[in-house]
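So the structure is just underneath, and the comments pick up after that.
Order of appearance sets the numbers: ligands from 1, and atoms from 1 within every ligand.
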Amino acid sequence: MSANQQGNKATNQNKGIVGQSINRVDGRLKVTGGALYAVEFPATNMAYAALVGSTIANGRIKSIDTSAALKVPGVLHIMTHENAPKLKPVFTNPAEGDAAGRRVPLQSPTVYYSGQYIALVVAETLEQARRAADLVRATYDEQPPATDIERERGKARLPKGKVAGKPADSTRGNPDAGLSAAAVRVDEIYRTPTEHHNPMEPHATTAVWEGDKLTVYDATQYTYGVRHAMAITFGIPEENVRVICKFTGGGFGGKGTVWAHVPLAAAAARHVKRPVRLTTTRQEMFSNMGHRAETEQRVALGAARDGKLTAIIHEGVSHTSVYDEYVEPFSKATHMMYASENLRASQRLIPLNVGTPTYMRAPGETSGMFALESALDELAYKLNMDPIKLRLVNHADTDPDDKLPWSTNLLKDCYKKGAGRFGWSRRKPQPASTRDGRYLIGMGMATAVYPVNHFPSSARVRIQQDGTAIAESSTHDLGTGAYTVLTQIAAETLGLPVERVRVDIGDTNLPKAFVTGGSTTTMSVGSAIQGAGRAAITRLKELTREDKRSPLYGATAEQVVVKDGRLSLTDNPAKGETYREILSRARVKEIEGNFDMQFNDRQKTHSSHSFGAQFAEVRIDPDFGEVRVTRFAGAYDIGRVMNMKLAESQMRGGIVMGIGMALMEETVLDKNLGRIVNRDLAEYHVPVNADVPLMDIVLMESFDEYASPIGAKGAGEISIVGAAAAIANAVYHATGVRVRDLPITPDKLMGKGALA
Ligand code: MOS
């Protein structure tokens, strides 16, 4: 155990709250409807907005006719590019600034994609606004849209920025020589389609102006980002903008940036001088709030007879929009995943007439590891080697790219424990060799990985005179359990039961936190809350030390411990007093601790990642090609587990999304019109309960002091990484059919392999 770890243990006097599988502290609020989402905040004199989308995907608006719409009773205003106020450019992602391009609604007649907003209607009621929106008519100068990466291949270009921190073209060693010298090779193209986040809660905004002060209730993963963007758009100081988001009904990255409807709602509210509520439709969300970009990836692996990789080549294209840049960094994990001296990673972008893609759950790893882990599986069959053994042979003992030691890495244990729980040893190596009655049975596995990311985060902890405490930071709970885990961290630090701690988040009046994305929140905000809690305790100790009436008078900080809402002497626990007694006597209403958590990521001494191994069993109907996932096991090393129940739930959620990716999810673009043809949940299929088997989740015991002071690594995103590959590999094992383009729909299996 390191000094850092010991220090942590020594100060966790109330040890035991963190790690407990306590129920969600916000559970009751949610099931009783008491949890207010963006469109549920009341405002007096509310007006309602509805959007109008373009019917073409490329061209210019020639004319726009709002006369019929304006006659609808209750209509207050219709905003188009002809009468919209000038709005300053909104950064795609405030954290990235100009590099990521810009998004400016209703500022010109140019149309870049189908469904792009061309008008916004404000009316007394939502129904009136929607009716009027239906009556807005536009004529266009239409150009053929770019809709197909195959057809647009000639326009492939280098990304402007880096690809997940690495150059878009990266080489180590000599990959081409390594490939040609290999005894065994796999060289294939893998494809992943456009996918949509489809959170339960639609994107929605309520905008309220008071003079030149703006309050925005937004469905977001990033309150401070929305504030920053609104300040720029409207040319007002950041202090004049308050953004509130107490609950987010799922985000998966789609709510991590500021989309055009947010400034439009605020502009409309300013114009009609009333609060404006704008709820987007599921259809609008398909066009306007980003998506996972389509990828076409070549993975070439060379290996010696013993399985040692002699070369890894991972290159290909993803799409972006014609007006903005987003790179799906599918080669990201390949740099560090396996020990090979020879590697080339290369990515290009193909602009299409679609809305700009964005982060979607483990952006990069999810699509990239489908390709890499499928290729590893293909290689294992060529080598006649067990897929786990192949991965162990190529296990990276240190980060092969950064040449740094791992902070912690229990991947080997993950393979072992996962395989044991899943019953991997029962798998017959031969494909299409296992049947259950008429069904084909297959088992597949894949590695999962996700880097440890951090964001600077601030928190405040206030211990109240009544012996309760409030922990504050403007982070978000996307449904993941952040309220609960942060409550546990605060409670443990303060030596209070969880019932006496309240966590307040999602409001830019609270200390600053960054986007709730990148699996960072527990590490970043949790560490900030721990720091703020300790600062508050330090101030309490100062009070008792200086107060002659206190039984702890004169005792140094080291001589005093925190337990059960009391300070007491380490060597004489009977001698002490409660927070309530201390604050009452001092006539202090509350005592406050603040902490700014900074991470020194520039001078990294270790490479930090969460790791996992995932195992899928499928059952395939040989006549219909229908694939059912019948069992799934995942073993993960995510650092210290703050709440076993919630962490396991996170892991299950990612696997569910991975099942969708493997078997169902695909956004289909009409290649002629550039319209998304399956833009609703009837046509875009996501897994429902009947599609989801029992899942066996194992979480390793670990404490990663380099990842974060609280020992946690990231838990949010790793759970989807590898899930699709494990299923695709199981499908191959069941059938002998290798499907390299997702999703694995029945048409890709029927008549082939064991289904022939
Ligand atoms: Mo996540 S895609 O970083 O919200």
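- Atom CZ of R740 is surrounded by more than 12 heavy atoms from other residues, nucleotides or ligands within 6.0 Å.
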Distances under 3.5 Å, N/O of ligand 1 against N/O of the protein: list each pair and its distance.
unit_1	atom_1	unit_2	atom_2	d
ligand 1	3 (O)	G518	N	2.5
ligand 1	3 (O)	E717	OE1	3.4
ligand 1	3 (O)	E717	OE2	3.1
ligand 1	4 (O)	Q221	NE2	2.8
ligand 1	4 (O)	G253	N	3.0

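- Looking only at distances, no side-chain donor or acceptor of W259 sits under 3.5 Å from a matching main-chain atom of M285.
- In this structure a side-chain-to-backbone donor-acceptor pair under 3.5 Å is present from R292 to M360.
- Here D399 contributes atom CG and M337 contributes atom CE; the two are 10.0 Å apart, rounded to the nearest 0.5 Å.
- For the pair E717 and R361, the salt-bridge criterion is not met [side-chain N within less than 4.0 Å of a carboxylate O].
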Would you please test F330 and H314 for ring-ring contact (aromatic ring centres under 6.0 Å, His included) and show each step? CA-CA 9 Å; F330 56 76; H314 195 168; 5.3 Å; yes
